[in-house]
Amino acid sequence: SSRPQSMSLVSQCGDEQVAGEYSKHYVTLKQIGKGAYGCVKMAYRRSDRLLTVAKFILKEKVGAQFWVDGPDGRRVPLELSLLLTLKHPNIVSVVDMFENDKYFQMVMEKHGAGMDLFEFIERRPRLDEPLLSYIFRQIGQAVEYLHSLNILHRDIKDENVIIDNKFHVKLIDFGSATFMSKDTLFSTFYGTTEYCSPEVLAGNKYAGPELEMWSMGITLYVLTFYVNPFSDIEDTIQGPLAFPQLVSEDLEQLLRWMLCKDPANRCTVAQLMSHPWIKQPVAINTYVFHEIVDCDRHEANPEMYYSGSLSPRSGSPVSLADPLAKERSVPSETA
Ligand code: ADP
Ligand code: MG
Ligand code: MG
């Protein structure tokens, strides 16, 4: 299945993306995922071979309202400025930033093997509700933190969350994020239609948190059933919420509350975080990643392959599916 597109940045990146100071410090490797993202690539730091993820942000694609004053007075995209300032275990962190005339080069920590929840879901993980709760509550914690700082993410969905082999998740992609205030309503939606709330699809203005809760509800639904709850815009606005499989009463009640058509009666972040389904106990150490989801060796155990050095020990097994298998020989070219 194909990934739904955010309405924001869909940019083409050429070789110009790596030009400048950035390339003195980083060697750019293959594209992330199946090549759908020309603008997000693996990269390693020349000084210590730390493996990172670089996002190349084309300046001309950044909308006028998405620029802010950076640390040294330069104009920087809000996406970059936010990720530089935010500090939370469930939000990706930025390790470096550079720019040339066309691009900002945002270097992020690489979390796990680079698997996002879209791909995780595509592999039909064998999740039970405690594990599902454990994964999802971390998204809730990230959003709770953001809202406490009056920041709206506005593009919460499976592919904007990355997961590692300890089921630790981080929110990424702040390209649609913005600051909110009590007395300002937004009229433009910047996220992904499939995750947009019925009232906003119907053309109403929004404050923010209620829209974010809806998209979190869609995310939880997709994580639970591996299908979207609504087939199109009309269905989102009018259609009833159906449950393809039996789930616990708590989970069903929570999903109905998060996906309540009326924003005034929709669950709030505070209500979500104190919900019994979210707070249920989880024996997280009893779950083994490669038993829950089919994956290759480097996904099951990325640290075994990537920590310290990128060069494989002789004879160490490298799966053909490993996107970095070829690049591992590259670092012999020293800076
Ligand atoms: P876009 O704005 O084009 O959607 P994203 O920031 O969402 O770009 O990145 C695109 C994809 O790249 C993500 O869906 C994810 O699969 C992968 N990705 C992005 N950042 C990271 C990261 N720090 N670690 C691992 N994978 C990442
Ligand atoms: Mg994205
Ligand atoms: Mg984006």
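For ligands, and for the atoms within them, numbers begin at 1 and follow the listed sequence. Along the sequence shown, residues carry numbers from 1.
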Original post:
Looking at Tyr22 versus Phe56, is the centre-to-centre ring distance below 6.0 Å?
Top reply: yes

Subject >> N or O pair under 3.5 Å between Lys110 and ligand 1 >> reply: no

Original post:
Does Phe186 have Lys205 sitting over its ring (NZ/CZ under 6.0 Å from centre, angle to axis within 45°)?
Top reply: no

Original post:
For ligand 1, which part of Asp116 has a heavy atom less than 4.0 Å away: the side chain, the backbone, both, or neither?
Top reply: side chain

Original post:
Between Ile172, Thr52, Thr192, which one has a non-hydrogen atom sitting closest to atom 13 (C) of ligand 1?
Top reply: Ile172

Original post:
Between the side chains of Tyr26 and Asp96, is a donor N or O closer than 3.5 angstrom to an acceptor N or O?
Top reply: yes

Original post:
Do Lys55 and ligand 1 have an N or O pair less than 3.5 Å apart?
Top reply: yes

Subject >> Ligand-side contact atoms (ligand 1) for residue partner Val53, heavy atom cut-off under 4.0 Å >> reply: 20 (N), 21 (C), 22 (C), 23 (N), 24 (N), 25 (C)

Original post:
Is there a heavy atom of Glu109 sitting under 4.0 angstrom from any atom of ligand 1?
Top reply: yes

Subject >> Between Gln65 and Tyr190: side-chain donor-acceptor atoms closer than 3.5 Å >> reply: yes

Original post:
Of the choices Val92, Val107, Asp173, Asn160, which has the non-hydrogen atom that lies closest to atom 1 (P) of ligand 1?
Top reply: Asp173

Original post:
Are the side chains of Asn160 and Phe118 in touch, meaning some heavy atoms are under 4.5 Å apart?
Top reply: no

Subject >> Angle in degrees, rounded to 10°, that OD2 of Asp173 and OD1 of Asn160 form at the Mg ion (ligand 2) >> reply: 90°

Subject >> Worked verdict on Asp294 versus Arg126 for salt bridge (charged side-chain N to carboxylate O under 4.0 Å, His left out) >> reply: CA-CA 9 Å; Asp294 299 328; Arg126 296 166 280 274; 3.2 Å; yes

**OP:** Tell me which one of Lys157, Lys170, Glu159 gets a heavy atom nearest to atom 14 (O) of ligand 1.
**Re:** Glu159

Subject >> Any side-chain heavy-atom pair of Phe189 and Cys196 under 4.5 Å >> reply: yes

